[in-house]
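What follows is a short report on a single structure.
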Amino acid sequence: MASHDRKDSPHPSDGSAQRAESQEARERRKRHESENHDHALEETFPASDPVSAFVPSKSPD
């Protein structure tokens, strides 16, 4: 079974009719996509910060 993007048009030989998504299913899908996006962003957090040019100096004795 070939995977496809949700937005891909169905292939004519597929034979499956495109069903309308219910409001509840759409909200659930959007919430899941948002959670996945947030998780991916958290995983890349250190790489997304700019490099700090600050070099701490020694404290006066």
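By the side chain to side chain donor-acceptor pair (under 3.5 Å) test, E35 is found to be paired with no residue, residues two or more places apart in sequence or in another chain being considered. Under the rule for a side chain to side chain donor-acceptor pair (under 3.5 Å), the partners of H32 that lie at least two apart in sequence or sit in another chain are N36. Every side-chain contact (heavy atoms from CB on, under 4.5 Å) that S22 has, sequence neighbours left out, goes to E24, A25.
Each of R28, R26, R29 was compared with E21 under the side-chain hydrogen bond (donor to acceptor under 3.5 Å, both in side chains) criterion, and only R29 meets it.
Checked for salt-bridge contact, E27 and R31 miss the test: no charged N lies under 4.0 Å from a carboxylate O.
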